[in-house]
Every structure is written in C-alpha cells, then in structure tokens.
Undergrad: 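This is the structure I have questions about; it appears just below.
First listed ligand is number 1; within each ligand, the first listed atom is number 1.
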Amino acid sequence: MLASRRILLIVGGGIAAYKALDLIRRLRERGAEVVPVLTRGGAEFVTPLSVSALAGRKVFSDLFDLTDEAEMGHIELSRSADLIVVAPATADLMAKMAHGHADDLASTLLLATDTPVLLAPAMNVRMWQHPATQRNIATLKADGIGFVGPDVGDMACGEHGPGRLAEVPQIVDAIGAALADGPLAGRRVLLTSGPTHEPIDPVRYIANRSSGAQGAAIARELAALGAEVVFVTGPATVPPPGGVEVIRVETAQEMLAAVEGALPADAAIFAAAVADWRVVGASTRKIKKGAGGTPALEFAENPDILATVSAMEAGRPRLVVGFAAETCDVIGHATAKRARKGCDWIVANDVSHATGIMGGTENAVTLITGDGEEEWPRMGKREVARKLAERVARALA
Ligand code: CTP
C-alpha cells in the first residue's frame with residue numbers, strides 16, 4: 001500500500017522529533033518515498049544530515065533558499081506528494097495552520113497544498129489541553145485534516161497525560177489508512193472492542209479478560225482496505241491502531257451511547273466483550289471493611305448493544321456482525337445467538353481456558369451467516385481480522 005507512494009514529511013520542533021528518524025526508516029522499508037522538510041525548531045532536535053541520510057535525499061528547510069526554488073518551487077513541492085505528514089506537529093504549527101499563516105517553509109507548504117494532510121501532534125500536556133489548542137484542533141478537523149495521537153503517558157518534561165507523539169507503528173498505520181484506496185474506500189464501519197468496566201465503587205470494578213487484540217486487529221485491517229473506521233473501545237490492554245477514529249468508553253451503557261452517536265454506518269462489528277450486568281447503585285465512596293459485614297452486590301442487566309443495533313428500524317447498518325464467545329457447544333450456542341440477537345453474521349469462537357484464545361494471539365473461528373457455517377482454521381488474530389475485513393468488503397461491494 002505504501003510502495004511507490006510519495007510522502008512529504010514535515011518534522012516539527014520538539015523532543016519527539018528523534019522518532020521522525022525511525023518513521024522515515026519504517027516508511028522507506030515499506031517502499032515509500034519520503035521527501036523531508038525540517039522546520040527551524042525541528043533542526044534544534046535532529047540534524048539535517050541525519051534526516052537526509054535516512055530519507056536518501058536532500059532535506060528542504062528554508063523557504064527562501066533560491067536554489068530550491070529554482071529546482072522545485074514550494075507550491076510544486078506541496079502538491080507533488082500523495083500525503084503530507086507532520087510529525088511531530090507542534091502546538092505552534094497547528095495554530096499557524098488553523099489561522100492560515102505562511103511565514104516559513106512548513107506553514108507555506110501546508111497552506112499551498114491540495115494534498116491530504118495527517119498530523120501527529122506532540123506537546124506538553126497543558127499545551128495540548130489549552131482551549132486555544134483545542135479550538136485549533138476542532139478547526140483543523142473541520143478542514144478535513146487527519147490526526148494520529150497524541151498518546152497518553154509520561155512525557156520528557158516529567159508530566160503525565162495526553163501529548164506524547166503516537167508510536168511509530170501507529171503513525172505508519174495511519175499513513176497506510178490515509179493512503180488506502182481499497183475496496184472499503186468510502187465505507188464507514190463501526191467497531192466495538194475490548195472489555196467494559198462496571199464500577200462497584202470509585203476504585204473497584206467488574207471486568208473480564210478481553211485484551212481488545214482481536215478488535216484492534218480488525219480495525220487495522222478494515223482501515224487498510226480503505227474504510228473509515230469508528231473504533232469504540234473499552235479499557236483494553238492492546239492499543240488501538242492508527243488511522244481510525246477512537247472513542248474510549250468504560251461501561252456498557254457508555255458503549256451503547258457512543259455506538260448510537262457514531263451511527264449511521266455501512267457496517268457494524270461488535271467484537272467487544274461487554275459485561276452482561278452492572279452493579280445497581282454503585283457507591284460514590286470507597287466501600288470500607290468493618291461494621292457493615294461483607295457487601296452484597298445487586299446487579300441489573302446491561303443493554304445488549306448488538307441486539308439494539310440489529311433491531312433498529314431506521315438507520316440499521318447494512319451488515320451487522322456479532323461475536324459469540326462460548327466455552328461449550330460453540331456452534332449450537334452461536335447459531336442460537338445469531339437468531340436471538342438478529343444480526344447478519346456471528347463470528348463464533350471457543351474461549352474455554354484450554355484454547356488460550358482469550359488474551360492470546362491466535363483465534364479459531366466459525367463464521368455463521370444466513371447461508372450456513374464456515375469453519376476457519378486456527379490462525380493469528382491478524383489473519384482472522386484480514387479474512388473478516390475482506391468478507392465485509394465483499395458483502396458491501
Ligand atoms: N454484546 C453486546 N452487548 C451486550 C452483550 C453482548 O453488544 N450487552 C455483543 C458482543 O459484542 C458480541 C455478542 O453480543 O458481539 C455476543 O456476546 P457474548 O458475550 O458471547 O453473548 P451474551 O449476549 O453475553 O450471551 P451469553 O452470556 O448468553 O453467552
């Protein structure tokens with residue numbers, strides 16, 4: 001997908017600029033051509049020599065370099081790429097973009113281009129959260145600019161929160177998704193993934209062993225086939241791929257609200273391991289040991305998200321796919337589940353402990369459709385995801 005694609009990579013200023021060097025390597029390994037642009041700030045963190053050595057070509061760095069203008073004007077430079085990627089994208093560069101400034105090479109290229117643009121922001125958490133930055137992000141999103149990250153985590157400045165540059169594989173995925181022109185181009189696919197957490201009190205919750213690995217893999221493969229993917233995820237241990245819109249939720253009720261808010265979609269795939277029950281009247285204070293004895297928990301049934309969407313009269317996605325995690329009589333239970341929930345397909349799998357599937361890297365599934373069952377051999381979750389994405393593409397064709 002990246003072979004022979006031309007990516008104009010703008011490296012902004014910031015400690016994360018060093019990761020742009022690895023990004024260049026990974027993109028070139030996949031056959032992409034990387035045309036690097038180093039901002040003045042970027043050049044404080046990585047040298048033009050290392051950038052051009054890795055890119056295998058000259059680095060552009062100054063708007064008023066007359067030799068560059070003679071060889072290739074900035075307008076042409078901005079339009080000759082298949083995609084413009086800014087990594088790291090600083091708060092300052094995003095502010096310039098949002099307001100249409102063009103006072104250096106990077107901002108001029110970004111203003112002059114008609115090529116899709118993907119930003120990988122990196123900045124201090126307070127800068128990210130500042131209303132000015134958030135306003136600029138909203139403006140840029142409305143302008144059709146794509147984003148990957150930032151991640152949440154420890155930062156070089158010692159603070160913690162959102163603002164870390166997305167990991168390089170995530171940026172590569174997002175670039176692949178932005179350039180994808182596969183059979184799902186123009187299709188919107190909604191996907192739920194991961195476990196849900198149902199609170200008992202502010203510090204305790206009921207969860208399950210889902211890692212979110214299968215859902216993340218499906219999201220990546222759908223995006224690789226060109227789909228616009230909305231990824232509604234509970235607190236999973238496997239991070240979401242780049243190139244998809246991520247909506248994070250905790251509980252089943254939040255997941256249903258997020259799904260309803262994300263519709264309409266051409267297809268919806270429900271890979272989340274949703275908790276069947278929630279605790280009634282979860283305590284707002286930590287439950288203490290002591291006089292009250294052992295606490296008794298009362299449960300209420302959670303909404304069934306898959307069944308709710310399957311039963312929608314208006315706006316039901318054309319294809320609704322559920323998963324059935326079973327520990328015995330897998331096909332029997334899954335076939336009954338397909339009928340009970342009203343979905344089009346069920347991906348059935350055996351999650352009994354001995355299979356090692358829940359939380360593992362492999363999966364053995366049977367696809368149950370209106371035409372019968374199809375047993376797939378045991379394979380990696382990524383291969384299962386690819387096969388499923390291809391089937392979805394065929395169904396929506
Ligand atoms: N599901 C859902 N909302 C729920 C429960 C399940 O959307 N509240 C979806 C899951 O994402 C999956 C499918 O329904 O696609 C089946 O989930 P599973 O846990 O296997 O089924 P349950 O409905 O929980 O049935 P049971 O407990 O009887 O196995």
Undergrad: If you count every heavy atom of other residues, nucleotides or ligands that lies below 6.0 Å from R25 atom CZ, does the total exceed 12?
TA: no
Undergrad: Taking non-hydrogen atoms only, is H333 closer than 4.0 angstrom to ligand 1 via side chain, backbone, both or neither?
TA: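 Within the 4.0 Å criterion, H333 makes no contact with ligand 1.
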Undergrad: For atom 22 (P) of ligand 1, state whether the nearest protein heavy atom is under 4.0 Å away.
TA: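 Given the 4.0 Å cut-off, atom 22 (P) of ligand 1 counts as touching protein heavy atoms.
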Undergrad: By number and element, which atoms of ligand 1 are closer than 4.0 Å to a non-hydrogen atom of A325?
TA: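 Near A325, meaning under 4.0 Å from one of its heavy atoms, ligand 1 has 20 (O).
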Undergrad: Please write down residue, atom name and distance for the protein heavy atom closest to atom 11 (O) of ligand 1.
TA: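 For this ligand atom, the closest protein heavy atom is A272 O, 2.7 Å.
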Undergrad: Answer yes or no: is there a donor N or O on one side and an acceptor on the other, between the side chain of N302 and the main chain of A275, under 3.5 Å?
TA: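 Judged by distance alone, yes, a pair lies under 3.5 Å.
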Undergrad: In terms of side-chain geometry, is the basic nitrogen of D344 or R316 positioned less than 4.0 Å from the acidic oxygen of its partner?
TA: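 The answer is yes: the pair qualifies as a salt bridge.
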Undergrad: Look at atom 28 (O) of ligand 1 and say which protein heavy atom is nearest, naming residue and atom and giving the distance to 0.1 Å.
TA: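 It is R340 NH2, 4.0 Å.
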Undergrad: Around atom CZ of R248, are there more than 12 heavy atoms of other residues, nucleotides or ligands at under 6.0 Å?
TA: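 Incorrect, the count does not exceed 12.
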Undergrad: Please report which non-hydrogen protein atom sits nearest to atom 16 (C) of ligand 1, along with the residue it belongs to and the distance in Å to one decimal place.
TA: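 Atom 16 (C) of ligand 1 sits closest to the protein heavy atom F323 O, 2.8 Å.
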Undergrad: Can you tell me if CZ on R40 sees more than 12 non-hydrogen neighbours from other groups inside 6.0 Å?
TA: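 No.
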Undergrad: Relative to atom 8 (N) of ligand 1, which among A324, P303, A252 owns the nearest non-hydrogen atom?
TA: P303
Undergrad: Could you find the nearest protein heavy atom to atom 5 (C) of ligand 1 and give me its residue, atom name and distance?
TA: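 Minimum-distance protein heavy atom for atom 5 (C) of ligand 1 reads V274 CB, 3.7 Å.
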Undergrad: Looking only at protein heavy atoms, identify the closest one to atom 18 (P) of ligand 1 and say how far it is in Å.
TA: K337 NZ, 3.5 Å
Undergrad: Within a distance under 4.0 Å of any heavy atom of G322, pick out the atoms of ligand 1 and give their elements.
TA: 15 (O)
Undergrad: Quick test of your reading of the structure: of D276, L306, V309, whose heavy atom lies closest to atom 24 (O) of ligand 1?
TA: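 Looking at heavy atoms only, the winner is D276.
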Undergrad: Run the salt-bridge test on E245 and K141 with the 4.0 Å N-O cut-off and return the result as yes or no.
TA: no
Undergrad: Counting non-hydrogen protein atoms only, what is the nearest one to atom 3 (N) of ligand 1? Give residue, atom name and distance.
TA: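 Residue, atom and distance for the closest contact: I305 N, 3.0 Å.
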Undergrad: K341 to ligand 1: N or O pair under 3.5 Å?
TA: yes
Undergrad: For atom CD of E29, decide whether the heavy atoms of other residues, nucleotides or ligands shown that lie under 6.0 angstrom number more than 12.
TA: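 More than 12 within 6.0 Å, yes.
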Undergrad: Is a salt bridge present between K387 and E390, judged by a nitrogen-to-oxygen distance below 4.0 Å?
TA: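 Salt bridge between K387 and E390, a charged N being under 4.0 Å from a carboxylate O: no.
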Undergrad: What residues form a ring-ring contact (aromatic ring centres under 6.0 Å, His included) with Y205, not counting sequence neighbours?
TA: H197
Undergrad: Output yes when the distance from some N or O of ligand 1 to some N or O of A271 is under 3.5 Å, and no in every other case.
TA: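 N/O-N/O distance below 3.5 Å does not exist for this pair.
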